[in-house]
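This report refers to the structure that appears directly beneath it.
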Amino acid sequence: MNILLTGGAGYIGSHTALVLAQAGHNVVLFDNLSNSDAAVPEKISSMAGKKLPFVQADVRATDLVEKALREHRIDAVVHFAGFKAVGESVAVPIEYYANNIHGTVSLLQAMQRVSVKTLLFSSSATVYGLPQYLPIDEAHPTHAINPYGRTKLHVEEMLGDVARSDAAWRIMCLRYFNPVGAHESGMIGERPNGIPNNLMPFIAQVASGERERLQVFGNDYPTADGTGIRDYIHVMDLAEGHAAAVHYLQSHQGWDVINLGTGQGYSVLDMVRAFEKASGRGIPYVIAARRPGDVPACYANPAKAKRLLGWQATRSLDDMCASTWQFQRNRV
Ligand code: NAD
Ligand code: UD1
């Protein structure tokens with residue numbers, strides 16, 4: 001198939017591009033490079049052993065999206081493009097609504113003009129809000145608790161309306177849990193801007209000596225070691241989940257949501273120990289106050305993905321840490 005990836009030069013988009021290209025699809029990258037490196041399209045092409053066309057443009061430029069869809073005879077779109085930092089979304093909500101909501105509307109308008117009606121959307125487990133039970137399945141109530149989460153929820157709902165308006169649409173919202181890791185080569189990976197908000201990139205920078213120590217946000221949660229538990233999923237597993245979803249949509253119309261997680265939770269201290277083992281470096285840490293808005297534990301019930309897509313995560317926590325470390329070492 002001919003597949004356009006908006007945000008294809010980003011962290012998850014770049015790994016998905018590689019997996020789709022290696023599976024034989026013709027992948028086109030569409031990205032404005034607002035949060036990615038201009039070298040990434042070339043890197044993916046060299047890893048895939050074939051040139052992936054790259055369009056440097058904004059998804060809000062509807063005419064340019066339409067042009068790319070026509071020129072490359074696109075059959076399906078994977079929509080990664082958007083902003084994703086929770087704290088920033090509280091500070092500059094208009095930017096988040098403009099990019100995440102308007103960006104999606106623009107994409108849908110372009111797709112409708114050329115009758116491309118197959119779409120995978122990058123959603124997030126953040127749409128579940130405070131977990132009411134664990135593990136979280138797709139029937140769990142949704143309740144976004146910050147502007148970023150609300151953009152994801154609004155887009156999911158908007159996509160539901162679009163699918164109901166015309167039976168030709170095939171739309172899947174993929175709710176990612178905590179993507180971490182990198183391609184095993186360490187050539188592509190997550191490139192955080194400034195001080196990382198998320199645990200894994202922060203740990204990697206402590207291991208490499210870029211930062212002095214990790215702050216563990218709370219050790220008085222009702223968990224085995226008192227620290228927060230999350231469902232970390234290897235980005236290559238996540239990428240393969242997209243390939244399975246693209247395949248699924250070829251024979252399924254309508255709108256649906258699927259969790260992409262492992263179903264296995266790890267604590268902050270589990271992550272520290274695993275990273276120490278993978279890197280051979282000590283990770284100094286201090287216990288700090290809980291981070292506002294954090295939940296004690298959050299992990300997926302991934303049964304629906306297995307049932308519908310025939311996909312499940314296979315990579316271990318060691319794989320996640322080793323690949324993150326490989327990318328970190330290539331970076332510095
Ligand atoms: P990322 O920032 O690395 O990738 C997003 C890409 O989109 C970047 O390359 C950026 O330059 C591009 N982009 C942003 N706005 C654009 C626009 N208007 N036009 C064209 N390109 C634009 O982020 P990521 O971690 O790869 O996340 C991809 C998607 O997955 C996002 O929608 C994010 O909200 C979602 N998601 C990410 C996580 C996570 O932890 N990384 C978790 C859940 C959901
Ligand atoms: C964050 C986002 C969420 C997004 C998810 C997936 C916030 C508030 N939420 O969630 O919207 O869907 O990433 O990428 O940003 N921790 C520390 N020290 C640190 C950093 C984190 O102890 O320096 C702890 C946290 O308290 C938490 C765990 O590590 O228990 C994971 O944190 P993080 O990587 O930020 O992910 P989430 O909080 O799950």
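As the structure lists them, so they are numbered: ligands from 1, and atoms in each ligand from 1. We use all heavy atoms of the structure for the numbers below, so side chains are in, but hydrogens, waters and symmetry mates are not. The first residue of the sequence shown is numbered 1, and numbering continues consecutively from there.
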Practice item. Counting heavy atoms only, name the option from Val86, Thr16, Asn32 that's nearest to atom 21 (N) of ligand 1. Key: Asn32

**Study point:** Contact atoms of ligand 2, heavy-atom distance to Asp294 under 4.0 Å
**Key:** 25 (C), 26 (O), 38 (O)

Check your understanding: With the threshold set at 4.0 Å, does a side-chain nitrogen-carboxylate oxygen contact exist between Arg315 and Glu240?
Key -> yes

Point to revise | NE2/His102: more than 12 non-hydrogen atoms of other groups inside 6.0 Å | key: yes

Practice item. Report the member of His15, Lys84, His102 with the shortest heavy-atom distance to atom 24 (P) of ligand 1. Key: Lys84

Check your understanding: To the nearest 0.5 Å, how far apart are CE in Met1 and CG in Asn26?
Key -> 10.5 Å

Review point. Does the side chain of Glu88 come under 3.5 Å of the side chain of Tyr148 through a donor N or O and an acceptor N or O?
Key: no

Exercise for review: Measure Ser123 to ligand 1 on non-hydrogen atoms and call it side chain, backbone, both or neither using the 4.0 Å cut-off.
Suggested key: backbone

**Study point:** Aromatic ring pairing His79/Phe121, orientation class (parallel under 30°, perpendicular over 60°, tilted between)
**Key:** tilted

Check your understanding: Do Asp137 and Lys304 meet the salt-bridge criterion of a basic N to acidic O distance under 4.0 Å?
Key -> no

Point to revise | Residue-ligand contact Gly8/ligand 1, heavy atom below 4.0 Å | key: no

Exercise for review: Ignoring angles and geometry beyond distance, decide whether Tyr148 reaches within less than 3.5 Å of ligand 2 through its nitrogen or oxygen atoms.
Suggested key: no

Review point. Hey, which atoms in ligand 1 end up nearer than 4.0 Å to a heavy atom of Ser34?
Key: 10 (C), 11 (O), 13 (N), 14 (C), 15 (N)

Practice item. Say whether Phe217, considering both its backbone and side-chain N or O atoms, lies within less than 3.5 Å of an N or O atom on ligand 2. Key: yes

Review point. If you draw a 6.0 Å radius around CD in Gln132, do more than 12 non-hydrogen atoms from other residues or ligands fall strictly inside?
Key: yes

Review point. Relative to the heavy atoms of Gln215, which atoms of ligand 2 are at a distance of less than 4.0 Å?
Key: 17 (C), 18 (N), 19 (C), 22 (O), 23 (O)

Practice item. Within a distance under 4.0 Å of any heavy atom of Leu33, pick out the atoms of ligand 1 and give their elements. Key: 11 (O)

Review point. Under 3.5 Å, is there a donor-acceptor pair linking the side chains of Thr262 and Tyr232?
Key: no

Point to revise | Residue part near ligand 2, for Asn198, under 4.0 Å between non-hydrogen atoms | key: both

Review point. For ligand 2, which atoms have a heavy atom of Val216 less than 4.0 angstrom away?
Key: 22 (O)

Practice item. Please work out which of the three classes, parallel, tilted or perpendicular, describes the rings of Phe83 and Tyr96, given edges at 30° and 60°. Key: tilted

Review point. Quick one: nearest non-hydrogen protein atom to atom 15 (N) of ligand 1, plus distance?
Key: Asn99 ND2, 2.9 Å

Point to revise | Contact (N/O only, under 3.5 Å) between Ile12 and ligand 1 | key: yes

Practice item. Decide whether Asn32 and Ser34 meet the rule of one side-chain donor and one side-chain acceptor closer than 3.5 Å. Key: yes

Check your understanding: Is Val59 close to ligand 1, meaning an N/O of one under 3.5 Å from an N/O of the other?
Key -> yes

Exercise for review: Could you name the option among Asn178, Thr126, Val127, Val272 that has the heavy atom nearest to atom 36 (O) of ligand 2?
Suggested key: Asn178

Check your understanding: Under 6.0 Å from the OH atom of Tyr285, do we count more than 12 heavy atoms belonging to anything else shown?
Key -> no

Exercise for review: Mark up the atoms of ligand 2 that fall under 4.0 Å of a heavy atom belonging to Asn197, in ascending order.
Suggested key: 20 (C), 35 (O)

Review point. With a cut-off of 6.0 Å (strictly less than), are more than 12 heavy atoms of other residues, nucleotides or ligands near NE2 of His247?
Key: no

Practice item. Give the numbers and elements of all ligand 2 atoms closer than 4.0 Å to a heavy atom of Phe177. Key: 6 (C)

Review point. Any ion pair linking Asp37 and Lys43 (charged N to carboxylate O, less than 4.0 Å)?
Key: no

Revision key, fill the gap. Atom 32 (O) of ligand 2 sits nearest the protein heavy atom Arg291 NH2, 3.4 Å

**Study point:** ligand 2 versus Tyr176: contacting region, heavy-atom distance under 4.0 Å
**Key:** neither

Exercise for review: Indicate the atoms forming the closest heavy-atom contact of Tyr299 with Gly263, along with that distance.
Suggested key: CD1-O, 3.9 Å

Check your understanding: If we only count N/O pairs under 3.5 Å, is Leu199 in contact with ligand 2?
Key -> yes

Review point. So is there a nitrogen or oxygen of Asp31 less than 3.5 Å from a nitrogen or oxygen in ligand 1?
Key: yes

Exercise for review: Measure the CG-OG1 distance between Asp31 and Thr6 for me, rounded to the nearest 0.5 Å.
Suggested key: 8.0 Å

Review point. Less than 4.0 Å between a side-chain N and a carboxylate O, is that true for Arg230 and Asp270?
Key: no

Exercise for review: Using a 4.0 Å heavy-atom cut-off, say whether Tyr221 meets ligand 2 through its side chain, its backbone, both or neither.
Suggested key: neither

Review point. In terms of side-chain geometry, is the basic nitrogen of Glu138 or Arg307 positioned less than 4.0 Å from the acidic oxygen of its partner?
Key: no

Review point. Looking only at heavy atoms of Ala9, does any of them come nearer than 4.0 Å to an atom of ligand 1?
Key: yes

Review point. Ligand 1 versus Asn178, non-hydrogen atoms closer than 4.0 Å: side chain, backbone, both, neither?
Key: neither

**Study point:** Flag if over 12 foreign heavy atoms under 6.0 Å of CD, Glu184
**Key:** no

Exercise for review: Determine whether the side chain, the backbone, both or neither of Leu214 has a heavy atom under 4.0 Å from any heavy atom of ligand 2.
Suggested key: side chain

Check your understanding: Under 4.0 Å between a Lys/Arg side-chain N and an Asp/Glu carboxylate O for Glu66 and Arg70?
Key -> yes

Check your understanding: Ring centroid separation for His15 and Phe80, is it under 6.0 angstrom?
Key -> no

Study note, to complete from the structure: for atom 29 (C) of ligand 1, nearest protein heavy atom and its distance come out as Phe80 O, 3.2 Å

**Study point:** Which residue and heavy atom of the protein sit nearest atom 7 (O) of ligand 1, plus the separation
**Key:** Gly7 CA, 3.3 Å

Check your understanding: Under the 3.5 angstrom rule, does the side chain of Asp319 hit a backbone N or O of Ser316 as a donor-acceptor pair?
Key -> yes

Practice item. For Thr6 and ligand 1, answer yes if some heavy atom of the residue is under 4.0 Å from a ligand atom, otherwise no. Key: no

Check your understanding: Which bit of Lys152 is near ligand 1, meaning a heavy atom under 4.0 Å away: side chain, backbone, both or neither?
Key -> side chain

Exercise for review: Name the option, out of Pro179, Pro192, Ala57, that contains the heavy atom nearest to atom 40 (O) of ligand 1.
Suggested key: Pro179

Review point. Quick one: do Leu107 and Ile101 end up in the same hydrophobic cluster if we chain Ile, Leu, Val, Met, Phe, Trp and Tyr together by side-chain heavy atoms under 4.5 Å apart?
Key: yes

Review point. Which atoms of ligand 2 are found less than 4.0 Å from any heavy atom of Ser124?
Key: 12 (O)

Review point. Among Tyr128, Tyr232, Tyr11, Tyr266, which residue places a heavy atom closest to atom 28 (C) of ligand 2?
Key: Tyr232

Review point. Quick check: does Tyr176 get an N/O under 3.5 Å from an N/O on ligand 1?
Key: no

Revision key, fill the gap. Closest to atom 3 (O) of ligand 1 among protein heavy atoms sits Tyr11 N, 2.8 Å

Review point. Which bit of Arg60 gets closer than 4.0 Å to ligand 1, counting heavy atoms only: side chain, backbone, both or neither?
Key: side chain

Exercise for review: Using distance alone, decide if ligand 1 has a nitrogen or oxygen within less than 3.5 Å of any nitrogen or oxygen in Ser124.
Suggested key: no

Study note, to complete from the structure: Closest to atom 34 (O) of ligand 1 (heavy atoms only, candidates Phe83, Tyr232, Tyr148) is Tyr148

Review point. By number and element, which atoms of ligand 2 are closer than 4.0 Å to a non-hydrogen atom of Arg230?
Key: 27 (C), 30 (O), 31 (C), 37 (P), 38 (O), 39 (O)

